[in-house]
Structure formats: structure tokens, C-alpha cells
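Naming convention: chains lettered A, B, ... in sequence-line order (proteins, then strands); numbering from 1 in each chain.
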Amino acid sequence: MSWLDDLERKLHDVDIQVVNDAKSPSGRPHVGALRGVLIHDAVYKFLKDKGIKVKNIYGSDDYDPMDELPGGQTAEKYDKYLGAPLSNVPAPEGSEHKDIAMHYISDFFNIFDEIGAEAEFYYMRDYYKSGFFNEAIDILLSRAAEVREIYKKVSNADRPNDWFPAQVVCEKCGKLGTTQIIDYDGKEATYVCREDMVTWAKGCGYKGKVSPFDGNGKLPYKVEWASKWKYLGITIEGAGTDHNTRGGSRDVADAVSRRIFNYQPPVNIPYGFFLMGGAKMSSSKGIGATARDMTNFLPPEILRYLMLTTQPKRAINFEPSQLFITKLFNDYDKLHNKIITGDELPDYEQQIYTLSNVFTDKKYEVVDFSLIVTLIQLPHIDIFERVEERFGRKLTEAEHKNLQKRIEAAKYWLENLATEEELIQLQETLPEEANELSQTQRGFLRTYAKHIKTIDWTEEGLQTAVFDAARLTPINPKLGFAAIYRTVLNKQQGPKAGSLIAYIDKDFIETRFNELDFDIVEYWNETSISQDDFDAWMRDNKDKIIEQKEQEITENSTSVKEYVVSLNDGKTYLKRVKK
RNA sequence: GAUCCAAUAGCUCAGCCGGUAGAGCACAUGCCUUUUAAGCCUGGGGUCCUGGGUUCAAGUCCCAGUUGGAUCACCA
């Protein structure tokens, strides 16, 4: 995988590589946040495998000001907290956590385990309150003019001379996002809590003087980023494309890091968004899948595969369609099967696999996802039993677990993502589209309905009967199947016909298959062969024939001769010859 | 306005360090007859967006442009 090899070449010359990523816990993290998690985790695992000393840290930026109302919460309750540090905002009703930052981040951190990501967590509130960033705050406030210059030069943003690169928590209203430090004497900062500081929060107008240290103050995002690099010794940190634009936050942080802290910025891994059906998912609006949704849906190895097989720079365009999901599972399975059969693989494919399949050993057999999707839509089917039947053995523990997770994924997909058309739906009445079936197909349905009266109503029997009926029509079995799916499900394809029919009422099937108008003369026209062709066929098979019957039938002054011929392979063919 | 990403078969895309253009699906032919999103064989189909440059050699590297998507310029 080139991007990892690339990265290895760019590593800083230090004793220990520190990989960092962070999330502001301002809402339920959307699935895009997982891309960062998995990219950084992949880097961590990749370097560790190479014998390079490395640690992976992940921060909760919980001292950031709350800049929007939490999803599903009332303005009444939370308006007054807009602009306050997230760690100081109370959690919503019913939460087991005290503050809203912990409320949101704790479940997100749980996800790490579930998807096999390893990281040491840290919380920015702790760093601020413990004074860890005191030195950074002092340096930045003292050199405010240089920071203003950087803002101007790098992102062409004008910062007035009474703007300082830190904010303090207002002693009166507790807000942080609304305060502007206008002076710093080396010990204390003079600030105003401004009404018009930002659009998303209103300050109280208070003016005061306070020490900006030990949690009283906080650095704004861009310079905070540079401070984290310097004081946490971060050497590798990717970020989404939103940060990576020219003059964007990454550029500002880079400049601050170099010029103020004399620290080489970490190796960057710019990565693209995670798009859902072509649209960017937004956590704030409560639309699109959250990280939690996606983790509940996809098995970890599939999710990891999806995130890692796409080159970081490219956007992942996730579609919840059956086609897309099936392909995703199949792509992974293909790779997995190559691994278990020991095929030669390009290095990067091997790498992706190793980084994707982090939980189980490699020696398990996977069950096709679309098959599972089909089976769980049919009642009374024990999938585990059916799979063991097919494998011809008991499932191993790993296989059982894997299958269980896939069944859950299939259920999730059916319940939350599948469209009407993708569901298997028994048609209560004969679908309109069935009128497009040929007379041959109609004849087949009638033949089949008649044939299954005489057999055991079992999945296998019903499946075999399709082929028997096809020979007796005669019709290409493919078209026969199509006729069944059209009349029963109003689809072109469907689950294995025998299994499907086995779970449907007998009378229903018989009625349905005889329901279409039937023009027997046209049917004969379509299915008849010439006497010569018939004779040729008989010559070809003459050694195999064990029984032969014939009859002539007439309808509307048209006559055909039907030959029913049984061969020694146990199969019976009908040949129809036009008179 | 600036920046980033993309453009390759009908569709979705792969193409790692420059070396005779690939896969899946779709399509077509043939086979098979317990194939139903779970058969098999074979085949057709490409101006690798355009124009220049570097090179013995460019889908790949460089420059300019076209089209589409995204991001930033307030905050994180």
C-alpha cells in the first residue's frame, strides 16, 4: 500500500513516533470520524510491525467551546451554554455522564475496541487544568504580534492589534468562545466578553482581568493544534481535507509550529471525506450515519477494509444499495479467500488484509453476504444449520462468530437501508409485469404447478422440479426461473426458487401459476421443433432411451405431436413437433 | 477568489518504482441442465479528458487548459 510506504520514508528522526488524532465531542460523531481513527490505527500497526517504536494517542477536544446546540436538545436548556467549554456543559437528561463532552465521546471511544483500533485516550480539559499548556499559552500571548502576522500571511485573515491568540473563560457567564483577550502583562490577561465575537454565541459584555493559566484559558484551535504537536511530541497526524486547504487550519498550525515553537510539524496524511450516497454526511444536522450506526452495521474487518482500501486522498463514496454493500463484502471475501488458499498477492493487498482482519485468525470460511440477506428474509430458516449443511461440517468458533456478525449486518441493512425494491416481497396479487411473460413461460408455470402436486413439498424437491418442469415444457431453465420470480416476487431474480416456494402456501402457488391467460396454440408455436430436428435428437440419444410415449393433440384446428421420452439418466424430456 | 481531488471499456473502478491497457458487472457466443445475486468456456468493446513538455519509452512524471466534485477565506 503506497501511502504507508510513502509515510515511512517521511518519518521524523526521533526515538519514538507519536501518532495523534482528536475529535471535538460536540455531537454524535459521524462515520467520517472513523476514517481518521482507522487511518491512524493502520499507521500505528504498520510501524509497530516494522519494529519502529510508536504510540498512538487520541484526544477528546473537550475544552472547545460548544458552537451549536446538541442534536435533539432544546434551545431553552442549552442556549446559555453556547460558547462554554464542552466539558462544562451538562449532559442531556438520562445520560450516565455528567457533562456533554463525556456523554458524546465515551461511546465513541467504546467503538475503538469494537473495530480493533488501539489508542491511548487523553482529554484536553485535563491538560489545560493541570497547567500542561501554561508555557504554550504564555509564549503565544507574549508573541501575539507574530501570531497575528502568521494569520495574515498564511490565511490572509486580519487580526486586530488587540487580538491575542488565547481565550479565557468569562468569570461572569462561563463562556469561552465569546471572550477576546485584549492585553497580556505576562501574568494576567485583560479580556472582554463580547456580544458580537462570534455568530453562534452571545457574550455577556463583562470585562475583566484574570490569569489565563491552569484551565482559565484556552488556545484557539489552530494554535492549540501546533501546541499539541510541540508539547506532546507528535510526529504523525493526518487530517480531513477540510483542514488541508491552502491557508486553512493545517497551514496556520504548521507556520505557528515552525516559527513560534521551532518544531517540525508532524507528517501529514490528508484524507478525503466519507460521502453517503454522494452527499457529505453531517453529524450536526442529525442526518446521515453516525460512527455508531456504521459500527453497528458493518463487521469490523469489512469496515476496516473499506476505510483502508481506498487511498486516503480519495473520498469514500458509500452507498447503502444492495449492489454496493454486496460488492464490498465480496471484495473483502475475494481477498480473504486468496489468503486462505495461499495465493501470491501483491504487497499492498497483503498489507490491507493484515490491517483489516485484526480479530480472527485467517483460517475461517466466509458465507456470501447476499445469500445471508436472502435467507433471513425467508421465514423459518436456521441459517447456521443451512450453512453447516453446505459446508458439510460443523462451523468453527471463528466461523460462527463471523456468520453471526454478518447476519446482524444483513438484518441492519434490511431494517435501515434497503429500499422497497431491494426487499423480497411476496406479491399478494399477480403483478402487472407478469403479463410480459411469453406463452412458453406461462406454459412452464402450468407444467410446474402440475408437476409439484406429485412430489414432496421440500426445498430440494421443489428446486429439482423446476428443472424437471423445464424439460417437460420445454424451456430454458433460466427463463423458467424468471417466470417464477416475476409472478411470485415481481422481480427478475430472487432467492433459490426451491427454498422460496417451500415456505409459501401450496394453494397460493398453484393458483398463481395458473392465473395468467394462456394461449395454447401460441405456446405450441413457440415450443415446437421440426420433425427433422426431433429425429436428429432421437438418433443422438437412441442408446439412452428407456421409455417413450407419444400423443397427438388438437386445439382450434391446430395439431401437435408430443413425445415424452425418458432417458437412462433418469430425466424425462418432452419434445413437441408441429404437424 | 484560492486550493485539493477526480477524469481509463456501456456502468463501477484497479493500474504499486515510467516498460505490450486490467477486473467485476453488463453484453454476445457456446456448453451445462440440481445455476438463482452461488455454473463453466470463449469473445467483442478503450483517442486512458484536451494540448504541450521530459524520456529510448508516458494512463503513470512536469506545465497549461476543460469538465465534475469538494474544501477554505467565521469557527472547529
Side-chain angles (χ1 to χ4, degrees), chain A residues 1-6 22-27 61 63-68 83 86 151 154-158 167 177-178 196-201 220-222 224-225 239-253 270-273 275 278-280 284 309-315 317 319 321-331 334 346-349 351-352 367-374 390 422 424 459-468 470-471 474-478 480-482 484-485 489 491-500 569-571 573:
Chain A
M1 198 174 358
S2 65
W3 67 273
L4 281 167
D5 297 324
D6 261 11
K23 175 88 190 76
S24 191
S26 57
D61 288 337
Y63 223 49
D64 287 357
M66 186 168 80
D67 62 1
E68 64 193 357
L86 288 160
Y151 269 80
V154 176
S155 62
N156 199 27
D158 283 311
Q167 289 174 297
T178 52
D196 60 347
M197 183 77 183
V198 286
T199 53
W200 38 269
Y221 180 66
K222 296 174 193 180
E224 177 182 278
W225 204 2
T241 55
D242 49 341
H243 298 284
N244 279 305
T245 206
R246 176 61 57 103
S249 50
R250 172 79 200 201
D251 272 4
V252 174
Y271 55 88
F273 281 121
L275 308 171
K280 187 191 162 198
S284 52
T309 193
T310 313
Q311 297 168 51
K313 277 202 165 188
R314 297 190 63 161
N317 198 349
E319 284 174 49
S321 68
Q322 184 163 20
L323 227 58
F324 183 94
I325 303 292
T326 302
K327 184 176 183 319
L328 176 61
F329 275 88
N330 287 347
D331 284 349
K334 227 176 277 167
D347 281 355
Y348 71 100
E349 283 195 5
Q351 247 172 20
I352 289 174
V367 182
D368 185 87
F369 184 69
S370 53
L371 174 68
I372 297 173
V373 167
T374 296
R390 209 175 105 205
E422 289 168 327
I424 295 177
E459 293 171 49
E460 288 213 1
L462 289 162
Q463 181 72 9
T464 309
V466 175
F467 292 90
D468 291 339
R471 277 185 290 272
I475 188 175
N476 179 336
K478 213 173 199 164
F481 280 111
I484 293 175
Y485 296 120
L489 304 176
K491 283 182 193 298
Q492 293 188 336
Q493 285 104 14
K496 192 168 182 173
S499 316
L500 178 67
D569 58 4
K571 286 163 189 159
Y573 295 81

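The separation between A:D468 atom CG and B:rU34 atom P is 8 Å, rounded to whole Å. Look at CZ on A:R314: it is 17 Å from C1' on B:rU71, rounded to the nearest Å. Atom CD1 of A:I352 and atom P of B:rC16 are 13 Å apart (whole Å). Per the geometry, CG belonging to A:D251 stands 13 Å off C1' belonging to B:rU71, to the nearest Å. Counting to the nearest Å, the P atom of B:rC13 and the CG atom of A:D331 are 12 Å from each other. Per the geometry, NZ belonging to A:K313 stands 8 Å off C1' belonging to B:rC5, to the nearest Å. Across the protein-nucleic acid pair, A:Q311 atom CD and B:rC4 atom C1' stand 15 Å apart, rounded to whole Å. Rounded to whole Å, atom C1' of B:rG24 lies 14 Å from atom CG of A:L328.
Listed by chain and residue number, nothing satisfies the ring pair (Phe, Tyr, Trp, His ring centres under 6.0 Å) test with A:Y485 (two or more places apart in sequence, or in another chain).
For B:rU67, the paired base is B:rA6 (Watson-Crick or G-U wobble, both distances below 3.5 Å). Base-pair partner of B:rG45: not found among the strands shown (Watson-Crick or G-U wobble, both distances under 3.5 Å). B:rG59 is unpaired under the criterion used here, namely a Watson-Crick or G-U wobble arrangement in which both key atom distances are under 3.5 Å.
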Tabulate protein N/O versus nucleotide N/O from nucleotides 73-76 of chain B, keeping only pairs under 3.5 Å, one per line.
{"unit_1": "B:rC75", "atom_1": "OP1", "unit_2": "A:R159", "atom_2": "NH2", "d": "3.2"}
{"unit_1": "B:rC75", "atom_1": "OP2", "unit_2": "A:R159", "atom_2": "NH2", "d": "3.2"}
{"unit_1": "B:rA76", "atom_1": "O3'", "unit_2": "A:D64", "atom_2": "OD2", "d": "2.5"}

Name the pairs: protein N/O against N/O of nucleotides 27-30 of chain B, kept only if under 3.5 Å.
none

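Residue A:Q463 places no side-chain N or O under 4.0 Å from the OP1 or OP2 atom of B:rU33. In this structure, A:K571 reaches the B:rU34 phosphate: one of its side-chain N or O atoms is under 4.0 Å from OP1 or OP2.
Here the shortest heavy-atom pairing between A:P477 and A:A470 reads CA-CB, 4.1 Å. Contact detail for A:G247 and A:V252: the closest heavy-atom pair is O-CG2, 4.3 Å. The two residues A:F481 and A:A497 come nearest to each other via the heavy atoms CE2-CB, 3.6 Å.
Looking only at distances, a side-chain donor or acceptor of A:N244 sits under 3.5 Å from a matching main-chain atom of A:A239.
Between the OG atom of A:S26 and the CG atom of A:D67 there is a distance of 6.0 Å, given to the nearest 0.5 Å. Here A:E224 contributes atom CD and A:Y63 contributes atom OH; the two are 11.5 Å apart, rounded to the nearest 0.5 Å.
An anti orientation is assigned to B:rC49, its glycosidic angle lying beyond 90° of 0.
The base of B:rU71 sits with one of its N or O atoms less than 3.5 Å from a complementary donor or acceptor on the side chain of A:T245.
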